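A short worksheet on the structure shown next.
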Amino acid sequence: AQEPKLKKIFNGKNLNGWKLPPDLTCWTASSGVLFVKNNAEKKGSNLWTEKNYQNFIISADFLMGDGTVDSGIFLRSENDQIQIGISGSLKRDMTGSPYIPGKGYPVEAKGIAKLLKAKDWNRMKIRAMGPKYTVWLQGKEVMNYKSKSAKKVGPIGIQLHANKNMSINFRNLLLKEI
């Protein structure tokens, strides 16, 4: 089957189309890249789309930066997230795995150590169809999960975890409603 055409949800120049957190010092955009870095207070914050989505495919390139990267992409709420980087609770890389409050990581993405590029851009694609999440890393399917806490409709968020010394960059944030 042909891949559906995804459209930009990040214009690469500014944060138009996103709900801005109170402290913008952690979020900057230029030259096609969303730069995310904790400030001295390390409060962390989330960047949310202005628009809500039901069923969708989101694709993003990410480049892990300095520190211990603990980030992720929220799916329709803060309830369900696909992890990027080191889990604060497990102290190991859980990229591509769902984090569900109260459940932790109910399943773990497979083969991440072989696929993840530590010092280069990585491509993650997530399909959210109702409560079912599928994740691909570098084009390889790595995770399937059906969430009991999935919201039907909501925004998509990018997490900058609090209490971390970290940075991560994103580019090519693309989405297709399905």
Side-chain angles (χ1 to χ4, degrees), residues 6-53 56-99 109 112-113 115-128 133 135-139 142-143 154-176:
L6 283 70
K7 296 180 182 167
K8 288 183 183 182
I9 58 170
F10 166 62
N11 67 21
K13 298 179 273 190
N14 56 45
L15 297 174
N16 289 353
W18 296 82
K19 295 177 189 170
L20 304 179
D23 180 2
L24 275 178
T25 61
C26 299
W27 305 90
T28 55
S30 68
S31 304
V33 178
L34 175 61
F35 298 92
V36 185
K37 182 176 175 125
N38 254 329
N39 58 20
E41 292 82 37
K42 296 187 232 172
K43 288 184 180 175
S45 66
N46 300 324
L47 189 67
W48 294 97
T49 57
E50 289 179 349
K51 188 173 178 188
N52 288 328
Y53 299 95
F56 58 88
I57 295 173
I58 184 169
S59 176
D61 296 341
F62 64 91
L63 174 65
M64 301 221 199
D66 298 328
T68 302
V69 175
D70 186 350
S71 184
I73 298 176
F74 287 112
L75 307 176
R76 305 185 200 111
S77 75
E78 285 188 355
N79 285 355
D80 292 10
Q81 170 193 7
I82 302 301
Q83 175 77 22
I84 298 174
I86 306 298
S87 157
S89 57
L90 299 179
K91 309 291 186 233
R92 61 188 173 94
D93 198 321
M94 294 298 288
T95 298
S97 302
Y99 178 78
I112 297 304
L115 298 170
L116 197 60
K117 297 181 255 178
K119 302 289 183 196
D120 202 354
W121 288 98
N122 295 277
R123 160 81 37 108
M124 180 182 281
K125 181 172 78 170
I126 303 164
R127 181 177 58 215
Y133 305 140
V135 176
W136 293 262
L137 185 63
Q138 322 306 25
V142 294
M143 193 281 300
I156 295 167
I158 298 173
Q159 181 192 42
L160 174 60
H161 207 289
N163 303 317
K164 301 284 180 190
N165 218 354
M166 65 157 278
S167 66
I168 184 170
N169 300 332
F170 291 90
R171 69 178 186 193
N172 299 322
L173 286 153
L174 307 170
L175 184 131
K176 170 73 177 164

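Since we're looking at a predicted model, the values are computed, not measured. Count residues from 1 along the sequence.
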For T49 and I156, indicate whether the former's side chain and the latter's backbone hold a donor-acceptor pair under 3.5 Å.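 Confirmed, T49 side chain pairs with I156 backbone.
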Please check: side-chain N/O of Q83 versus main-chain N/O of M94, any donor-acceptor pairing under 3.5 Å?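 Not a single qualifying donor-acceptor pair exists.
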Among all residues two or more places apart in sequence or in another chain, which pass the side chain to side chain contact (heavy atoms under 4.5 Å, CB included) test with [X]?
X	answer
S77	N79, K151
K43	E41
T68	I86

cation_pi(K125, W136) dist<6.0 Å, angle<=45: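 That pair qualifies as a cation-pi contact.
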Do W48 and F74 have ring centres separated by under 6.0 Å?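 Ring centres of F74 and W48 closer than 6.0 Å.
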Decide if atom NZ of K117 counts as having more than 12 heavy atoms of other residues, nucleotides or ligands within a radius under 6.0 Å.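 Count over threshold, so yes.
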Listed by chain and number, what are the side-chain hydrogen bond (donor to acceptor under 3.5 Å, both in side chains) partners of [X], not counting sequence neighbours?
X	answer
S89	S87
E50	none
N16	N14

Less than 4.5 Å apart, any side-chain heavy atom of [X] and any of [Y]?
X	Y	answer
M64	T95	yes
P98	M143	yes
I58	L174	no
L15	L24	yes
F170	I84	yes
L173	K8	no
I73	I126	yes
W121	Q138	no

Is there any ring-ring contact (aromatic ring centres under 6.0 Å, His included) pair reaching into residues 22-45, and which pairs are they, with sequence neighbours excluded?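 Of all non-adjacent pairs touching residues 22-45, none passes ring-ring contact (aromatic ring centres under 6.0 Å, His included).
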Give every residue pair that meets the ring-ring contact (aromatic ring centres under 6.0 Å, His included) criterion with at least one member in residues 76-96, sequence neighbours excluded.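 The answer is none; no pair qualifies.
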In chain order, what residues pass the salt bridge (charged side-chain N to carboxylate O under 4.0 Å, His left out) check against D61, with sequence neighbours excluded?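 Only R123, R171 meet the salt bridge (charged side-chain N to carboxylate O under 4.0 Å, His left out) criterion with D61.
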Does K42 have any salt bridge (charged side-chain N to carboxylate O under 4.0 Å, His left out) partners at least two apart in sequence or in another chain, and if so, which?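 Testing K42 for salt bridge (charged side-chain N to carboxylate O under 4.0 Å, His left out), a comparison that skips the adjacent residues, returns none.
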Give the minimum heavy-atom separation between [X] and [Y], together with the two atoms involved.
X	Y	answer
A109	S97	N-OG, 2.9 Å
G44	N38	N-OD1, 3.4 Å
I112	L137	CD1-CD2, 3.7 Å

Starting at CG of L175, measure out to CZ of F56 and round the result to the nearest 0.5 Å.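 One gets 6.5 Å once the value is rounded to the nearest 0.5 Å.
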Distance check, rounded to the nearest 0.5 Å: K176 atom NZ versus I57 atom CD1?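 Output value for this atom pair is 9.0 Å.
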Listing, residues 157-169 side-chain donor-acceptor contacts under 3.5 Å, not counting sequence neighbours, or none:
{"unit_1": "Q159", "atom_1": "OE1", "unit_2": "Q81", "atom_2": "NE2", "d": "2.7"}
{"unit_1": "S167", "atom_1": "OG", "unit_2": "D66", "atom_2": "N", "d": "2.9"}

Listed once per pair and sorted, the salt bridge (charged side-chain N to carboxylate O under 4.0 Å, His left out) pairs that draw on residues 79-95, sequence neighbours left out: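 Qualifying pairs, neighbours excluded: R92-E108.
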